[in-house]
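Data first, discussion second: the structure below is written as structure tokens.
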Number of protein chains: 2
Amino acid sequence: MGVRTQAVKTAPAETTALAADVSDLGVLQGLIGFRLRRIQNHLSRTFAERLIDRGVRPGSFSALALVAANPGISQTELSRDLGSDKASVVSLIDELEGHGWATRQRSTSDRRRHALHVTPAGKKVLREMTAIALETEAPLHEALSEAELSVLSEMLDRVYNRCFAYDID
Amino acid sequence: MGVRTQAVKTAPAETTALAADVSDLGVLQGLIGFRLRRIQNHLSRTFAERLIDRGVRPGSFSALALVAANPGISQTELSRDLGSDKASVVSLIDELEGHGWATRQRSTSDRRRHALHVTPAGKKVLREMTAIALETEAPLHEALSEAELSVLSEMLDRVYNRCFAYDID
DNA sequence: TATTGTTATACTCTATAACTATA
DNA sequence: TATAGTTATAGAGTATAACAATA
């Protein structure tokens, strides 16, 4: 398994059990986009599987968490924080509101805006979903130390906030 | 813009121009899945836009790059490296083969396997697409130093190889 | 005129399951 | 029995464009 070239096949000893089966990344070596995707692909799929009983999607969890942490946030602001389009947020909030986990309140100062809030029931389910999210990311804690995970998070936040947070129309 | 709570509004001085508009991540603070997604979302969308003239998708680029770096790789092995299902690889290779950029060669030792190879035309277009990919990721180089990008890549590879590279059936 | 939220629509990505040919 | 590749299909996630209400 994993052996495809004569050159590799003739190498009798493997430096580590893992390294031998890892493909050369070629020009992808200098890029991080594909690295983000292949990890995120696994994580979101696993998370979605574990969340399916509750009728929620990973995106709804992120939305609920952000509304809980930023009470009164608008949908457009939320779309910026989620890194997606404002139209996508509509169905997310529809879902949360349908479960009775979040509310839309028409802003009195600017009647175009919906101020979003999380209900007590929403806070309860958020705690449960957070536990599932942590469980899903548990494997990361075996590959990376806590210090490394902090560094990783900080770097990803810096990238997002400096590069993309203001791209959304 | 970005100000939504009275507490924030009463803070007159902003530490930095950016920090003031960044939402509290709440329980997402301890998670990295959503951080990966929102960055990857932007990157892949931009990359796809710039690639559309050539009739390629981001996934095809990754596949082409991996086949170029690992001549003779099988489709199942490729699916593992891409972090996706073997069925997804079929259409990727169909696309590359349709353009004349890659070939499927039935393995003589195991006639079930397709040994994948990149054609000279494929190598040429790979160089062009690599330039577009680098251009797409250029903003990352403003947010992170080269040393930090190396650390980031290494950490992401460690996560993938230790956690997910063997999950694929 | 510009912005918030909405709807309708379509497209991309990916997975699942069932199939074939080979082993 | 198990594996490599294929096909058909369905679902999740997201974007675009056009629209109504409000600023």
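In the text below, chain A, chain B and the rest are named by the order of the sequence lines, each starting its count at 1.
What separates CZ of B:Arg57 from P of D:dG13 is a distance of 19 Å, to the nearest Å. Taking atom CG of A:Leu92 as the reference point, atom P of D:dG13 lies 9 Å away to the nearest angstrom. Atom CG in B:Asp85 sits about 14 Å away from atom C1' in D:dG11, given to the nearest Å. Here C:dG5 presents its P atom at 5 Å from CD of A:Gln75, a figure rounded to the nearest Å. C:dT22 atom C1' lies 13 Å from atom CZ of B:Arg113, rounded to whole Å. In this structure, the CG atom of A:Leu36 is 16 Å from the C1' atom of C:dC13, given to the nearest Å. If you take CZ of A:Arg45 and C1' of D:dG13, they are 15 Å apart, rounded to a whole angstrom. Going from atom CG of B:Leu51 over to atom P of C:dC13 covers 10 Å, rounded to whole Å.
Between the side chains of A:Ser107 and A:Ser109, a donor-acceptor pair is found at a separation under 3.5 Å.
The CG atom of A:Asp81 sits 3.0 Å away from the OG atom of B:Ser23 when rounded to the nearest 0.5 Å.
Considering only side-chain N and O atoms, B:Ser84 lies nowhere under 4.0 angstrom from the phosphate OP1 or OP2 of C:dC13. Regarding contacts with the backbone of C:dT4, every side-chain N or O of A:Arg80 stays at 4.0 angstrom or more from both OP1 and OP2.
For the residue pair A:Leu28 and B:Ala65, the shortest heavy atom distance occurs at CG-CB, 3.6 Å.
Place B:Asp94 and B:Glu49 on DNA chain D by their nearest nucleotides, and B:Asp94 ends up nearer the 5' end.
Among D:dG13, D:dA17, D:dG5, the nucleotide with an atom closest to any side-chain atom of B:Arg104 is D:dG5. Out of D:dT14, C:dT7, C:dA15, the shortest distance to the side chain of B:Ser88 is found at C:dA15. Nearest nucleotide to the side chain of B:His114, out of D:dT14, C:dA17, D:dG5: D:dG5.
Looking only at distances, no side-chain donor or acceptor of B:Arg104 sits under 3.5 Å from a matching main-chain atom of B:His114. Of the possible donor and acceptor atoms, none in the side chain of A:Arg35 sits under 3.5 Å from a partner among the backbone N and O of B:Leu152.
A:Arg38 comes within 4.0 angstrom of no nucleic acid atom, judged by non-hydrogen atoms across all strands.
Ion pairing between a basic and an acidic side chain is recognised when a charged N comes within 4.0 Å of a carboxylate O; B:Arg113 and B:Glu77 show such pairing.
A:Phe34 and B:Phe61 have their aromatic ring centers separated by at least 6.0 angstrom.
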field: Summary of protein contacts for nucleotides 18-23 of chain D, nucleotide by nucleotide, where a base hit scores B, a sugar-phosphate-only hit scores S (4.0 Å, heavy atoms)
entry: ---BBS

